[in-house]
Amino acid sequence: MKKSNDKETKRNLIPIFLMGKRYDVPDSLTIQKATEYAGYQLIRGCGCRGGICGACGTIYRFPNDSKLYYGLACQTVVESNMYITQIPFFPGNKATYDLEKLEPTESVISDYYPEIFKCMGCNNCTLSCPMDIKVMDYVAMAMAGNIKEAAEMSFDCVMCGLCSARCPAEEVQYNIGIMARRIYGRHVLPKSEHLEERVQQVEEGRYESMLKDLMGMDKDQLRELYIKRQPEPDNVDEMWEPDEKKYL
Amino acid sequence: MPYTPELKNLIKKVEETRPARVERKKKGEEFTGIPVDKRQDILKKYHPDFIAGTRKELKVGASKGYAIAQEYAYILETKSRVDPDKIDLSKVAMETDVLVIGGGGAGNSAALLARENGAKVILATKLRNGDANTMMAEGGIQGASKTWKDSPYYHYLDVLGGGHFVNDPELVYTLVTEAPKALQWLEKLGMIFSKYPDGKLHSMHGGGTSRKRMHYAGDITGAEIMRTVRDEVRNHPEDIKVVEFSPAVELLLDDSGRCVGAVMYNLETEEYFIIKAKAVIMATGGTGRLHIQDFMTTNHYGATGDGLVMSYRAGVPVCFLHTVQYHPTGAVFPEQAEGLLITEKVRGAGANIVNVHGEQFVFEREPRDVEASAIIRECSKDRNNGVPTPTGKFGVWLDAPMIDMLSGEGTVAREFPGKSILFRRYGINISKEPMLIYPTLHYQNGGMEANNKGETKVPGLYMAGEVLGGIHGQNRLMGNSLLDVTVFGRIAGINAAEYIKGFAGNGNLSLDHVKKFNKEVEGAGIKDKVGPMLLPDYSNPDVRKRQLTTEYLGTMR
């Protein structure tokens, strides 16, 4: 799709306030694009522009409304009279650890992040999460040593840091989350045995001669083999096996 | 923004044909694919690479005469952003064994393996560590892990077929044989792969795969890889120093022609400084932000091809840059999400692509270039079967609700949590409503020439990830880029750490190659163009006009 040309489409301008300063911007834009429309060239607070990297955590509110609102600047569409500030960086503790040596014990996370017990249950972290993650709940799971739940509940975390910025107990929730996920991935989820077997087969040189043959072929020979290869059908069991087995 | 009443009406046509399409799929009856020998026909007619007049021959440098997209030629034919004579090469700000340029999957993997092999590392990156296309890759990572039905042999054939049989065989050999090891490394780092209860990896088809070989972590596979390797980098602060918001702008060579560091630019204070190293790993990623032919892109903000520019000036040739990958399914509605990647995994899970009449017109798992061309054809004047959007564009439907009908209620929400949340914010329920999509600029198939150790013709300069060309030939298959960054990042790290052993690194620093290149550019009559670009310019042009005391070099102040 072609880049949209602002001038071709009719644009309805609305006022927004970037760090307190008024700019009139088209109402169809995200906060990120509206900031650029206002004239900024972004350096901080802009990464993937697609809602996954966590660079553009943003807090906003409206006049005569006591509530704070949270979002990712690249995902949130502007509204009239938004007062906007981005939190492109927030300092946070990161424990260093040797994953191999960790065990999924009850205290594995609190040993590294003892401040986890300071959580006072205010739920501000959950309220501030732009990914709708139940942050306080996964922290509670980590506190209780339930690595599986902490990992699964924090899975969508983009590590933007808004939770941490709003935490009165000074926790670094997103670092607790990734630690839980890595322990879960390494020490709780069962290891893939077929992967291990395959690595061994490769290391034993099982595929060397057949791959060398392929590497020596010209386009036509390759095309012929390519066309003849048997596709695994869509709706078959995981353990489906192809007819030709000599190249496995 | 939810679908407009007009679009809701059109969705009814998709709903009308859906039950029959689901039935066919259940019976294993697929839409007839485009035969391999007919692929070139549709590509030549509809793929953006083949539009006349969009390529330009390089006038300077190691690949002079090679015709590539104008936008690539533009950045490669630039002069240095900074006068090389102004840089004081005696003032070294930081020194290390291995300098990794780029903070994506390749850069972080390279840093970890260089460290593991004894090197001290500086990882310098333009934005934050992790602001990279790796973070955004959704669908999965290939690797022939399933011993009972797949092997590197079939992976090799698939990669070659997808790349139109012109890929560099050595690079592909390394990609497919190292793949299982790379997956295992990620598993050991605690990446959460989607698995069966016995530990068996879930895997799916991607476009052009003969076996279900795409492993994944929900629909945020790239983010899961990125945050895992980044967290591991952060576990070694003594050995791996991370320098953020500091892009490299030139490579430094010594008097014997080895690459020994880079000139860096602090984006915030606007100063230039020098990092000296014994070897350099270029892992700067791709080029979506060049907006080839004005296409929107799925790429992250910093994807401006800086590594191509610097390496080219140092004498490394480019290869396979004459083809560009357009991802078949970028969002085209709502406006706020335009260009956004909708993972190929949606089609891997069985969703059809249908036109304005609710009809299938292409098998949903053709290789990406073929799939994209078929969609462009459907929306073109030759067929006029596109779905019109409120902003005057056209798209086709990606029928995700089929997935719940095929694999059970709740599958879409479970397998695509990221996209479900995102569309829910716009009032669109992708478990019940199809997504409106159109091809979007996605991947730089080519890049710099290097061998399967990541070595270039410049000693001490390594390539890893999207900046390295040749692995994917003329078209990359889904799931092979996350694999590529992991495999070649690791390899570059290992080889760079090996290379520096016994190298004192005390030659004289030089920017003579830059001076020479600048002269060549001038000699070719090219004026007023500087590179690398560093950041795209999305600020308001009217505002720029009023910045009367500001000077811009390229896109930046």
Side-chain angles (χ1 to χ4, degrees), chain A residues 1-4 9 28 30 36-37 39-41 43 46-53 55 75 77 94 96-97 99 132 156 159 178 181-182 184-186 189-195 197-199 202 207 210-211 214-215 219 222-223 225-227 229 231-235 240-242 247-248, chain B residues 28 36 127-128 131 135-136 145-149 151-154 156-157 160-161 165 169 173 177 180-181 183-184 187 190-192 195 198-201 210-212 223 227-228 231 234-235 267 291 294 296 300-301 332 335-336 338 340 350 391 393 417 421-422 425 438 440 538-540 543:
Chain A
M1 103 208 47
K2 304 275 178 178
K3 273 202 287 181
S4 60
T9 37
S28 61
T30 59
E36 290 171 335
Y37 180 91
Y40 285 67
Q41 182 170 33
I43 294 175
C46 180
C48 74
R49 304 175 74 98
I52 189 70
C53 81
Q75 298 297 306
V77 179
K94 147 88 180 123
T96 57
Y97 48 84
L99 185 69
D132 303 335
D156 290 329
M159 305 180 77
I178 186 143
R181 291 195 298 279
R182 291 191 61 195
Y184 181 61
R186 175 67 187 90
L189 278 177
K191 198 164 66 174
S192 160
E193 280 165 14
H194 59 86
L195 182 55
E197 190 188 335
R198 176 48 51 80
V199 169
V202 171
Y207 304 101
M210 50 182 109
L211 285 172
L214 289 180
M215 289 163 74
K219 263 188 184 187
L222 284 166
R223 185 176 288 118
L225 286 179
Y226 178 76
I227 293 168
R229 76 211 201 292
E232 179 177 355
D234 255 1
N235 276 341
W240 172 87
E241 289 180 12
Y247 299 114
L248 292 179
Chain B
V36 177
L127 298 166
R128 295 176 319 154
D131 286 346
M135 188 66 106
M136 309 178 71
S145 77
K146 306 225 159 148
T147 47
W148 58 96
K149 61 182 171 187
S151 81
Y153 175 90
Y154 295 101
Y156 187 98
L157 276 180
L160 264 285
F165 306 102
Y173 162 82
T177 50
K181 222 184 289 175
L183 292 174
Q184 196 181 42
E187 188 189 42
M191 172 179 169
I192 301 180
K195 288 181 176 179
D198 65 355
K200 212 181 290 133
L201 295 161
S210 60
R211 304 290 145 85
K212 293 178 185 166
R227 61 195 184 185
T228 301
D231 189 66
R234 288 175 179 167
N235 273 343
L267 278 179
H291 294 292
D294 252 1
M296 297 274 288
H300 82 102
Y301 188 46
V332 68
E335 189 188 349
Q336 297 82 14
E338 275 181 6
L340 193 83
T391 54
K393 296 171 183 171
I421 295 176
L422 203 142
R425 285 201 200 105
Y438 193 78
T440 174
Y538 297 137
S539 67
N540 191 329
V543 175

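Per chain, numbering begins at 1; letters A, B, ... match sequence-line order.
Of the inter-residue distances, the one linking Ser192(A) atom OG with Glu187(B) atom CD reads 5.5 Å to the nearest 0.5 angstrom. Here the CG atom belonging to Leu160(B) is positioned 9.5 Å from the OH atom belonging to Tyr226(A), to the nearest 0.5 angstrom. Between atom CG of residue Leu183(B) and atom CZ of residue Arg198(A) there is a gap of 11.0 Å, rounded to the nearest 0.5 Å. Rounding to the nearest 0.5 angstrom, the gap separating the CD1 atom in Ile52(A) from the CZ atom in Arg227(B) is 7.0 Å.
When each of Gly50(A), Ala55(A), Gly51(A) is checked for heavy-atom pairs under 4.5 Å with chain B, Ala55(A) comes out on top. Annotation: maximal heavy-atom pairing with chain B below 4.5 Å, among Glu197(A), Arg186(A), Glu36(A), occurs at Glu36(A). Contact count against chain A (heavy-atom pairs under 4.5 Å) is highest for Ile192(B) among Ile192(B), Thr228(B), Asp198(B). Top candidate by heavy-atom pairs under 4.5 Å with chain B, chosen from Gln75(A), Met210(A), Glu193(A), is Gln75(A). Among Arg229(A), Lys219(A), Glu241(A), the residue making the largest number of heavy-atom pairs under 4.5 Å with chain B is Arg229(A). Highest contact tally toward chain A, considering only Arg211(B), Met191(B), Met135(B), is held by Arg211(B) [criterion: heavy-atom pairs under 4.5 Å]. Ranking Ile227(A), Asp132(A), Ile43(A), Leu99(A) against chain B, the residue ahead of the rest is Ile43(A), based on heavy-atom pairs under 4.5 Å.
Of the two parts of Lys94(A), only the side chain, counted from C-beta on, holds a non-hydrogen atom closer than 4.5 Å to a non-hydrogen atom of chain B. With a threshold of 4.5 angstrom between heavy atoms, Lys146(B) approaches chain A through its backbone and through its side chain. Both the backbone and the side chain of Leu267(B) come within less than 4.5 Å of a heavy atom in chain A. Heavy atoms closer than 4.5 Å to chain A are found in both the backbone and the side chain of Met136(B). Only the side chain of Leu127(B) comes within contact range of chain A, with heavy atoms under 4.5 Å apart. Proximity to chain B is limited to the side chain of Tyr184(A), based on heavy atoms less than 4.5 angstrom apart. Heavy atoms of Tyr207(A) lying under 4.5 Å from chain B belong exclusively to its side chain. Of the atoms belonging to Leu157(B), heavy atoms from both backbone and side chain fall under 4.5 Å from chain A. For Arg425(B), the part lying under 4.5 angstrom from a heavy atom of chain A is the side chain only. Contacts of Arg128(B) with chain A are made by side-chain atoms alone, with heavy-atom separations under 4.5 Å and no backbone atom involved.
Across every non-hydrogen atom of Arg182(A) and Asn235(B), the tightest pair is NH1-ND2, 3.6 Å. For the pair Val77(A) and Gln336(B), the tightest heavy-atom approach, listed with the atom from each and the gap, is CG2-CG, 3.2 Å. Taking every heavy atom of both residues into account, Ser145(B) and Leu195(A) meet most closely at CB-CD1, 3.9 Å. Nearest approach of Ser539(B) to Gly39(A), heavy atoms of both residues: CB-O, 3.7 Å. Closest of all the heavy-atom pairs between Met215(A) and Tyr156(B) is CG-OH, 3.3 Å. Residue Tyr37(A) comes nearest to Val543(B) through the heavy atom pair O-CG2, 4.3 Å, listed as atom of the first residue, atom of the second, then distance.
Contact annotation: the side chain of Arg49(A) never approaches that of Leu340(B) to less than 4.5 Å [non-hydrogen atoms, C-beta and beyond]. Between Cys46(A) and His300(B), every side-chain heavy-atom pair lies at or beyond the 4.5 Å cut-off. Proximity of Lys181(B) to Val202(A): side-chain heavy atoms (C-beta onward) are nowhere separated by under 4.5 Å. For the pair Tyr173(B)/Leu214(A), no side-chain contact is recorded, criterion being any heavy-atom separation below 4.5 Å from C-beta on.
In this pair, His194(A) and Trp148(B) present their aromatic rings perpendicular. The plane angle is above 60°, beyond the 30 to 60° band.
A donor-acceptor pair is defined here as one N or O able to donate and one able to accept, closer than 3.5 Å; no such pair exists between the side chain of Lys212(B) and the backbone of Glu232(A).
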